[in-house]
Amino acid sequence: MKNEIKKWILRNFGNIFGVFGVVATLYFGLFYIPDYIKESGNAKLNNASNEIIQSIKELVYSDSIASITEIKALINSKEVGANLEFENSDKWFLLKAEESFMEDKFIPLTERRKLIAEIETLTLALPKTTDKEPEKIQESKSKWFSTGLSILITLLSIIAGYFSFRANYLTRKSKDEEIENELKEARTEIGATIMSIGYKKIEKDILNILEKSKYDINPNSFNKTDREFDFEFRKDKRKYFVEVKVLRASKVGLKSIESFLLQLQGNKGFGIFIYNTELTSLSESRIRDFNKINKHSKVYTIRFTNKSEVEEKIKEIVEKTA
């Protein structure tokens with residue numbers, strides 16, 4: 001049991017790591033990024049506030065008498081210059097300047113009292129209608145911006161992680177399917193050769209279809225010992241190369257498709273791959289890729305269900321490529 005779990009973990013290590021990455025991104029995005037952005041914004045506000053407090057002290061300490069107008073202009077200019085909005089009131093800045101003077105031991109006490117008295121006068125002169133309580137701090141715009149940015153980054157990371165996980169899962173699944181199909185083919189397809197009854201019947205049906213449609217069939221394609229394709233025919237100036245794959249139970253694997261495409265690359269024309277079971281995911285993907293990059297050679301697939309349906313599909317392909 002332990003060995004099976006260990007093998008499962010090793011086989012799906014990439015997918016497990018991808019899930020862990022998505023969870024970690026979600027966790028850090030929701031809990032750490034907002035705090036980091038908030039702390040960065042608070043540091044910017046604190047630095048700007050300290051600069052204003054020092055400027056207020058300089059104004060008050062100078063020989064001239066400072067005015068409320070100067071204080072307000074100082075705060076407004078700093079908001080514009082630093083591109084931020086202070087959450088504290090004008091009164092808060094004056095009180096912090098007063099506190100700073102009290103803690104400044106280099107200034108004589110009598111001089112500090114005069115400076116504090118001047119700040120008190122400025123505080124009393126503040127309009128009551130514009131006074132904001134320091135303890136009732138408004139919600140900062142930067143807080144909402146940082147939270148929104150964090151959520152957006154987290155969502156984008158989750159989406160990217162999901163698609164990455166899905167792509168890895170589908171790739172792994174397709175490869176596992178291909179390996180399993182090759183093993184199944186090795187076990188079940190013994191005896192399903194070109195001489196088998198099923199193959200010869202389907203091949204005969206296809207030949208009857210081509211003759212009935214009066215296509216120009218290349219007689220060399222009947223050479224069982226030396227041929228590239230099962231059938232080759234013309235319609236006007238266009239060439240068509242037909243490959244027939246008859247299996248008992250397994251799907252048509254990538255190896256069979258690659259062999260057909262390799263032969264087709266050296267010929268200008270259209271390939272028609274006829275099969276009786278199913279195509280693996282990698283086989284279908286390989287055919288799509290081949291058709292995207294090749295201008296002169298295109299591949300069409302037909303699943304053999306009955307003779308009349310195959311006849312109709314071959315007719316559609318010829319008319320489509322006319």
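Leu207 places a side-chain heavy atom less than 4.5 Å from the side chain of Ile217. The shortest side-chain heavy-atom distance between Arg234 and Tyr215 does not fall under the 4.5 Å cut-off. Lys268 places none of its side-chain heavy atoms less than 4.5 Å from the side chain of Lys239. Put simply, the side chain of Phe86 reaches to within 4.5 Å of the side chain of Ile75, judged on heavy atoms. Between Val252 and Phe273, some side-chain heavy-atom pair lies under the 4.5 Å cut-off. The shortest side-chain heavy-atom distance between Phe304 and Val246 does not fall under the 4.5 Å cut-off. Using a 4.5 Å heavy-atom cutoff, the side chains of Gln265 and Phe290 are in contact. Residues Asn291 and Tyr300 form no side-chain contact, since every pair of their non-hydrogen atoms from C-beta on lies 4.5 Å or further apart.
With 3.5 Å as the limit, one finds no donor-acceptor pair spanning the side chains of Ser259 and Ser256.
The minimum heavy-atom distance linking Ser283 with Gly253 is given by the pair OG-C, 3.1 Å. Residue Phe260 comes nearest to Ile272 through the heavy atom pair CZ-N, 3.9 Å, listed as atom of the first residue, atom of the second, then distance.
At distances below 3.5 Å, not a single donor-acceptor pair connects side-chain atoms of Lys292 with backbone N or O atoms of Arg288. One N or O on the side chain of Ser55 and one on the backbone of Glu51 form a donor-acceptor pair closer than 3.5 Å. Formation of a donor-acceptor pair under 3.5 Å by the Ser213 side chain with backbone atoms of Leu210 is not found in this model. Distance alone, capped at 3.5 Å, is enough to place a donor-acceptor pair between the Ser297 side chain and the Asn267 backbone.
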### Query
Taking it one step at a time, do Leu94 and Leu126 satisfy side-chain contact (heavy atoms from CB on, under 4.5 Å)?
CA-CA 10 Å; Leu94 289 172; Leu126 284 171; 3.8 Å; yes
### Task
Please lay out, stage by stage, how Ile56 and Ile52 fare under the test side-chain contact (heavy atoms from CB on, under 4.5 Å).
CA-CA 6 Å; Ile56 293 174; Ile52 288 177; 3.9 Å; yes
### Task
Check step by step if side-chain hydrogen bond (donor to acceptor under 3.5 Å, both in side chains) holds for Lys57 and Ser100.
CA-CA 8 Å; Lys57 288 177 64 178; Ser100 182; 2.7 Å; yes
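Identified under the salt bridge (Lys or Arg N to Asp or Glu O under 4.0 Å) test for residues 301-311, with sequence neighbours left out: Lys212-Glu311, Glu309-Lys313.
Ion pair Arg112/Asp104 not flagged as a salt bridge, since none of the NZ, NE, NH1 or NH2 atoms sits closer than 4.0 Å to an Asp/Glu carboxylate oxygen. Classification of Glu312 and Lys315 as a salt-bridged pair fails, no side-chain N sitting under 4.0 Å from a carboxylate O.
Interatomic distance, Leu109 CG to Ile107 CD1, rounded to the nearest 0.5 Å: 11.0 Å.
No more than 12 heavy-atom neighbours from other residues, nucleotides or ligands sit within 6.0 angstrom of CZ on Arg113.
Using a 30° and 60° split on the angle between ring planes, Phe233 and Tyr240 fall in the parallel class, below 30°.
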